[in-house]
Amino acid sequence: MALPPQLKSIQHHMRTAQEHEKRDPVVAYYCRLYAMQTGMKLDSKTPECRKFLIKLMDQLETMKKELSDNDSISQEVVGNAHIENYALKMFLYADTEDRSGRFHKNMIKSFYSASLLLDVLSVFGELSEENIQHRKYARWKATYIHNCLKNGETPQAGPMGMEDDEEADEYGAEGFSAQGFSHGGSVRGGPPSETYEDQNQSLGPGPGPGPAPGIGFSPSLGPGASGPPNTNYNNIHIPPGAHAPANTPAELPPPTGGVHLSPEDFTKAQKYCKYAGSALQYEDVGTAIQNLQKALKLLTTGKE
């Protein structure tokens, strides 16, 4: 199914879905769902777009039936946890490589791919402020490191200040356009540069430990959402797992019988427990502990 030019901004999300068809059908399903919802907003009236979106809806319906016994499809909260944990695992892989000074293609791909999956989380509702920051940071880092390597410069490892201008915005997929990291790619360390295909030829194999898990990457993307955020990038928050495993027990007050919990509190506690269970499927102990700590704090204090 050829992607109409009007829907070019969902190209990488569709490619990610295709490459996860067998590897992780849940990721494939939600990437397509995101692409369908975004495509409907972009153009659902022209014949070619309408035809494409109807076929995509049929494909989603088929996948939903095939995966009907999968909790990540039948229960939104579990699906949300599945995609979020997958995205953050990818983010943490890239962040660890970055902090260790291991700059290579797979790490750049992982940063950008994590940002795509954080886009996908919007099918479950508005992104948390934390995930919005992760997405911006991941896209910016991918652009910055790519430009440095392309220009023969050594990137600065780990978190660093970003220029809060129109070029370092929440540009969706634009930073990886057919002209390279061109639109939205102005960062300290180099001007906008070549296509990812050119980068693959010029940089050669990365010195890292091998391919990052999961996400596919292709050389051409069209315009996506735009609009410069009013964000102080110097104070961007990186998940605790990027620094060290979360192995220190939370300091929680002893439970008291006087705590009043609302139905919403019970729902949130259940959500945190499901997030923890999903994290354990990936052997991500740190994330599991963090979510269990949040559930415990909520249940013992009535506060998050």
Side-chain angles (χ1 to χ4, degrees), residues 24 26-27 29-31 33-34 37 64 67-92 95 114-115 117-138 159 170 225 229-304:
D24 191 328
V26 172
V27 171
Y29 174 82
Y30 284 114
C31 283
L33 182 59
Y34 171 84
Q37 291 180 353
K64 192 170 185 178
L67 300 170
S68 59
D69 59 343
N70 190 316
D71 286 347
S72 292
I73 300 299
S74 59
Q75 299 182 43
E76 260 194 19
V77 68
V78 182
N80 191 344
H82 185 104
I83 299 300
E84 185 172 27
N85 286 331
Y86 197 103
L88 293 181
K89 186 175 182 180
M90 183 69 66
F91 181 98
L92 293 178
D95 188 64
S115 76
L117 290 175
L118 290 169
D119 284 340
V120 172
L121 280 178
S122 64
V123 304
F124 303 104
E126 291 186 13
L127 294 185
S128 67
E129 184 60 32
E130 186 177 40
N131 282 334
I132 289 173
Q133 296 303 312
H134 293 161
R135 181 176 62 180
K136 291 175 184 175
Y137 181 80
E170 186 183 349
N230 297 317
T231 305
N232 182 357
Y233 291 101
N234 295 313
N235 296 322
I236 198 160
H237 173 70
I238 306 300
H243 304 277
N247 53 9
T248 304
E251 295 181 4
L252 297 174
T256 62
V259 175
H260 174 71
L261 298 175
S262 68
E264 290 78 14
D265 291 331
F266 285 109
T267 300
K268 288 180 181 178
Q270 185 182 43
K271 178 185 71 173
Y272 288 134
C273 290
K274 286 183 177 179
Y275 281 7
S278 181
L280 290 175
Q281 291 179 358
Y282 292 99
E283 299 180 1
D284 187 353
V285 177
T287 299
I289 291 174
Q290 290 166 30
N291 280 290
L292 289 173
Q293 288 174 345
K294 289 178 181 178
L296 282 171
K297 182 177 180 182
L298 180 59
L299 293 173
T300 54
T301 67
K303 300 177 181 179
E304 290 188 84

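Since we're looking at a predicted model, the values are computed, not measured.
Between V77 and Q270 the shortest side-chain heavy-atom distance does not fall below 4.5 Å. Taking 4.5 Å as the limit, every side-chain heavy atom of N80 sits out of range of all side-chain heavy atoms of K271. Put simply, the side chain of N85 reaches to within 4.5 Å of the side chain of T287, judged on heavy atoms.
Nearest approach of D71 to V78, heavy atoms of both residues: O-CB, 3.6 Å. Listed here is the closest heavy atom pair of K294 and Y272: CD-CE2, 3.6 Å. Annotation for Y29 and K64: closest pair OH-CD, 3.7 Å, computed over non-hydrogen atoms. Contact record, I83 with V26: CD1-O, 4.2 Å, taken as the closest heavy-atom pair. Heavy atoms only, all atoms of each residue included: D265 and G302 are closest at OD2-O, 4.4 Å. Nearest heavy-atom pair, L117 versus A87, reported as atom, atom and distance to 0.1 Å: CB-CB, 3.6 Å.
Interatomic distance, C273 SG to N291 CG, rounded to the nearest 0.5 Å: 8.5 Å. For the atom pair NE2 of H134 and CG of L92, the computed distance is 8.0 Å after rounding to the nearest 0.5 Å. Rounded to the nearest 0.5 angstrom, L88 CG and L118 CG are separated by 6.0 Å.
The side-chain contact (heavy atoms from CB on, under 4.5 Å) check on S128 picks up E130, N131, with sequence neighbours excluded. Remark: V123 engages Y30, L33, Y34, Q37 in a side-chain contact (heavy atoms from CB on, under 4.5 Å) (not counting sequence neighbours).
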For side-chain contact (heavy atoms from CB on, under 4.5 Å), just list the numbers for R135 and L121, CA-CA rounded to whole Å, side-chain angles, deciding distance to a tenth of an Å, and then say yes or no.
-> CA-CA 11 Å; R135 181 176 62 180; L121 280 178; over 6 Å; no

